[in-house]
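Comments concern the structure below.
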Amino acid sequence: MSAQTQIPILDLKPQIESLWPELQAAFERVMKSGHFIMGPEVKAFEEEAAAYLGVKHAIGLNSGTDALYIALRALGVGPGDEVITTPFTFFATAEAISHVGAMPVFVDIEEDSFNIDPDLIEAAITARTKAIIPVHLFGRPCDMDRILAIADRHGLKVVEDCAQSFGAKWKGRHTGSMGIFGCYSFFPTKNLSAFGDGGMMVTNDEELAATARMLRVHGSRKKYFNETVGYNSRIDELHAAMLRVKLPHIDIWNTARRRAADRYKGLLENVPRLISPEVIHGHVFHQYSVLIPEDRQDEVQTSLQESGISTMVYYPVPCHKLKLYQDSHAVVTCPVAEATSQKILSLPIWPEITEEIQRRIAFAIRRCL
Ligand SMILES: *Cc1c(COP(=O)(O)O)cnc(C)c1O
């Protein structure tokens, strides 16, 4: 890559090019079948994804956002209920809670993992709390032992937001397979991605799986015999077929992301006032996010942009600070999330990123700081 070439935050081209013949074959198979909704590709993808994740039921949906609110609906969470989650996430996590009429209760994050702090969860539980939604942010698994133990003690359901963690593992188990539901997104930038919107939820509970399937198609188990107000949230045959091509490669891609994270760790060592993330077992590095001094965030991002390096701030506003929640909420403070949003910077990462590109990025960061 020449010095002039803009380095994107994510480059999907190598992945698509390497699978081109198989993707094309899948595309032709679906187009010629004339079957576009809820056909054999969706069924096969659900079976293959469930087998990969080690769960009994997988339900293909049209987004990760839908997966979250269908999970909450299936659990009967609604108006008057509270759901505990992290403020340091993509808005969809909190939105799903609000969407079903419940109230998100935000609990601060850990400084090093960026995930919800298990030490602070119990203090946020009230008589109205129904569920906890941990988010395995940036692909790093949450401490599920502690979260599940707290949920158990208080009779709460755990819905895992795995939108960024497909393939991540906590002590040998896939994220999404430990809570009552695991919710996934196949948005184009996620580790396992479709060519448009897509999502999935998984569970080991037969009855809840049937309820979720019913909610997916307008609240009907039998066509035209609608029993509740549901959704139109099916994953397309075309997307399912494409995802079936990609699924067998996810472990290789995730391992390559982890290797890239290891390389960054070495390259960014001793950069003054920069904290790079720990490369823990099972982390799938959906994002590689470093912390820099907060008074430098804008300036470093601009300077990298001028050097042809794209970066992102995930997330500039923690959910509890969003204007739309200011009236409806008791004032909560999440000082770690607030400080992190001012210091965080996500660097380019994708499975095929080369050491040469990473060197160029590290060099530019070192020069700034
Ligand atoms: C992407 C994402 C979602 C939403 O997924 P969509 O498929 O875009 O609806 C939910 N939660 C988190 C943490 C995400 O990153």
Side-chain angles (χ1 to χ4, degrees), residues 9-10 12 45 49 58-73 83-100 104 106-107 109-110 113-116 131-142 144 147 158-168 175-176 179 181-202 212 215-216 231-236 238-240 242-243 246 254 257 283-289 312-320 322 334 337 340-341 344 346 349-350:
I9 188 128
L10 166 71
L12 283 170
F45 174 63
I59 300 152
L61 302 168
N62 70 16
S63 71
T65 305
D66 286 25
L68 289 164
Y69 62 65
I70 291 176
L72 294 174
R73 278 283 307 274
V83 178
I84 290 172
T85 194
T86 166
F88 203 62
T89 178
F90 178 57
F91 176 56
T93 317
E95 189 183 29
I97 299 167
S98 298
H99 192 86
V100 300
F106 298 110
V107 166
I109 58 169
E110 295 175 315
S113 73
F114 308 130
N115 285 330
I116 192 167
I132 306 172
I133 306 185
V135 180
H136 306 290
L137 199 77
F138 303 148
R140 177 174 167 141
C142 294
M144 288 306 290
I147 292 170
V158 174
V159 175
E160 296 176 70
D161 183 337
C162 308
Q164 303 185 3
S165 72
F166 196 102
T175 57
F181 279 116
C183 300
Y184 301 84
S185 165
F186 304 125
F187 184 81
T189 61
K190 311 288 165 139
N191 288 28
L192 179 65
S193 63
F195 295 88
D197 278 311
M200 183 178 75
M201 62 203 293
V202 302
L215 288 166
R216 168 173 68 175
Y231 308 91
N232 174 358
S233 184
R234 303 163 295 226
I235 192 167
D236 296 317
L238 204 48
H239 288 304
M242 299 291 166
L243 287 163
K246 289 189 174 190
N254 282 340
R257 282 173 178 271
H283 194 327
V284 295
F285 285 93
H286 171 62
Q287 298 297 341
Y288 187 86
S289 307
M312 291 293 284
V313 173
Y314 297 121
Y315 295 93
V317 187
C319 292
H320 70 291
L322 289 171
C334 298
T340 302
S341 69
I344 202 152
S346 296
I349 192 164
W350 62 90

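Atoms within a ligand are numbered from 1 in the order they appear, just like the ligands themselves. In this text the structure is predicted, and so the values were computed from the model without any measurement.
- Residues Met144 and Glu160 have side chains in contact (heavy-atom distance under 4.5 Å, counting atoms from C-beta outward).
- Counting the atoms of ligand 1 from 1 in the order shown, those under 4.0 Å from a heavy atom of Val135 are 13 (C).
- The protein non-hydrogen atom at the shortest distance from atom 12 (C) of ligand 1 is Ala163 CB, 3.4 Å.
- Counting protein heavy atoms only, atom 11 (N) of ligand 1 is closest to Asp161 OD2, 2.8 Å.
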Walk me through it: do Phe166 and Lys190 pass the test side chain to side chain contact (heavy atoms under 4.5 Å, CB included)?
CA-CA 8 Å; Phe166 196 102; Lys190 311 288 165 139; over 6 Å; no
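- By the 6.0 Å and 45° rule, Lys246 stacks over the aromatic ring of Phe195.
- Short contacts between ligand 1 and Thr89, defined as distances under 4.0 Å to a heavy atom of the residue, involve ligand atoms 13 (C).
- When only modelled atom types and interatomic distance are considered, Ser113 and Glu110 share a side-chain donor-acceptor pair under 3.5 Å.
- Near Gly64, meaning under 4.0 Å from any of its heavy atoms, are these atoms of ligand 1: 5 (O), 6 (P), 7 (O), 9 (O).
- Taking the six-membered ring wherever Trp is involved, the centroid distance between the rings of Tyr69 and Tyr231 falls below 6.0 Å.
- Nearest protein neighbour of atom 14 (C) of ligand 1, counting heavy atoms only, is Lys190 NZ, 3.0 Å.
- Residue Asp197 places no heavy atom under 4.0 Å from ligand 1.
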Could you give me the CA-CA distance, side-chain angles and deciding distance for Asn254 and Asn191, then say whether side chain to side chain contact (heavy atoms under 4.5 Å, CB included) is met?
CA-CA 7 Å; Asn254 282 340; Asn191 288 28; 2.9 Å; yes
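- Under the 6.0 Å cut-off for aromatic ring centres, Phe285 and Phe138 do not qualify, their centroids lying 6.0 Å or more apart.
- Against a heavy-atom cut-off of under 4.0 Å, Ser63 is close to the following atoms of ligand 1: 7 (O), 9 (O).
- In terms of polar-atom proximity, Asp66 is not counted as a contact of ligand 1, lacking any N or O under 3.5 Å from an N or O of the ligand.
- The nearest non-hydrogen atom to atom 4 (C) of ligand 1, considering only Ile133, Leu137, Thr65, comes from Thr65.
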